[in-house]
Amino acid sequence: MTSIAHLGPAGSYSELAATNYAHWLKTHRNEVPPTLKPYSTISKAIQAAAAGETDTAVVPIENSIGGSVRDTLDMLWELDSLKIQNNLVIPIHHALLSQATSLDLIKTVYSHPQALTQCQKWLATNVPNALQIATSSTTEALPKLSENKTFAAISPLWAAKLYNIPTLADPINDTPDNATRFWVLGQNLINHGSHTSLAFRLPDNTPGALLKPLQLFATQGINMSRIESRPTKLALGDYRFFIDIEASLDDPNTQAALQLLKNCTKSLKVFGSYKEIKAQIL
Ligand SMILES: O=C(O)C(=O)Cc1ccccc1
């Protein structure tokens, strides 16, 4: 039986993404239902898959409001063994859960930093004086909400039932089309799909150093769908660039582009090709 690591505890958006991947494995690959294993942080879920404790990890990679999930990008670079197996998008509708009977009684709001960002305007308007505290996931703080009626958490709506906590407001995200993209990470390098992801550092800090890699995708007629930079943490101003392209690794054109890319980058890492899985359970 296969196993999937995800950010927990129960009721998190990552659990929903992992449930969708499990459903897809059952319906498209005829696999017996895999076990879902919750971890307390995204990094721990990724490490579990890298260490072979689980077969895969389903982790958030970017949100339509909050942008990239830095832990996922940094871990993917650091752990050489993991590749992207699939991509899936989950719509995100946050609710405010609390034992408080009205909004003006709330003194502290807990949630994952991405969720706090996604509800910034709503929080500023409705609970302007509440202290905002970051947690590892949207469901981590829920057990302690029963202890104190001035606590609230930004969580998925379905978590209210799971943890037996009333819903005080819903939905509370600042834009209705909020969605998060998740990657399924595993040990296999897949060379076929609609997209390919890669990352590199630049050999030197000279004019046009980044232009060269970007130009060669244009010359090869390859469309880029995302670019993100992350500090290497080695020196100020030293970056890694993460790029998604709309091309498959087994396309000779992509192979030609990668050969050229090697000449104008350093530490090039290719995370493989993948396709989108349609989320069926929402
Ligand atoms: O905390 C969760 O529930 C997660 O799965 C991470 C997350 C947080 C906010 C939006 C999407 C995913």
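Counting begins at 1 with the first residue of the sequence. Both counts, for ligands and for their atoms, begin at 1 and track the order of listing.
Counting only residues at least two apart or in different chains, side-chain hydrogen bond (donor to acceptor under 3.5 Å, both in side chains) contacts with residues 150-160 comprise Asn148-Thr150.
No hydrogens or angles considered: nothing links the side chains of Thr138 and Ser12 as a donor-acceptor pair under 3.5 Å.
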Go through the steps to decide whether Asp174 and Lys121 satisfy the test salt bridge (Lys or Arg N to Asp or Glu O under 4.0 Å), and finish with yes or no.
CA-CA 6 Å; Asp174 294 335; Lys121 284 190 195 138; 5.5 Å; no
Can you list the steps and then say if Asp177 with Thr175 is a side chain to side chain donor-acceptor pair (under 3.5 Å)?
CA-CA 6 Å; Asp177 288 335; Thr175 53; over 6 Å; no
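Scored by the side chain to side chain donor-acceptor pair (under 3.5 Å) test, Thr41 finds no partners at all (sequence neighbours excluded). With sequence neighbours left out, the side chain to side chain donor-acceptor pair (under 3.5 Å) criterion links Lys44 to Ser40.
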Between the protein and ligand 1, which nitrogen or oxygen pairs come in under 3.5 Å, and how far apart is each?
{"from": "ligand 1", "atom 1": "1 (O)", "to": "Thr138", "atom 2": "N", "distance (Å)": "2.7"}
{"from": "ligand 1", "atom 1": "1 (O)", "to": "Thr138", "atom 2": "OG1", "distance (Å)": "3.4"}
{"from": "ligand 1", "atom 1": "3 (O)", "to": "Tyr13", "atom 2": "N", "distance (Å)": "2.9"}
{"from": "ligand 1", "atom 1": "3 (O)", "to": "Thr138", "atom 2": "OG1", "distance (Å)": "2.6"}
{"from": "ligand 1", "atom 1": "5 (O)", "to": "Ser14", "atom 2": "N", "distance (Å)": "2.8"}
{"from": "ligand 1", "atom 1": "5 (O)", "to": "Ser14", "atom 2": "OG", "distance (Å)": "2.5"}

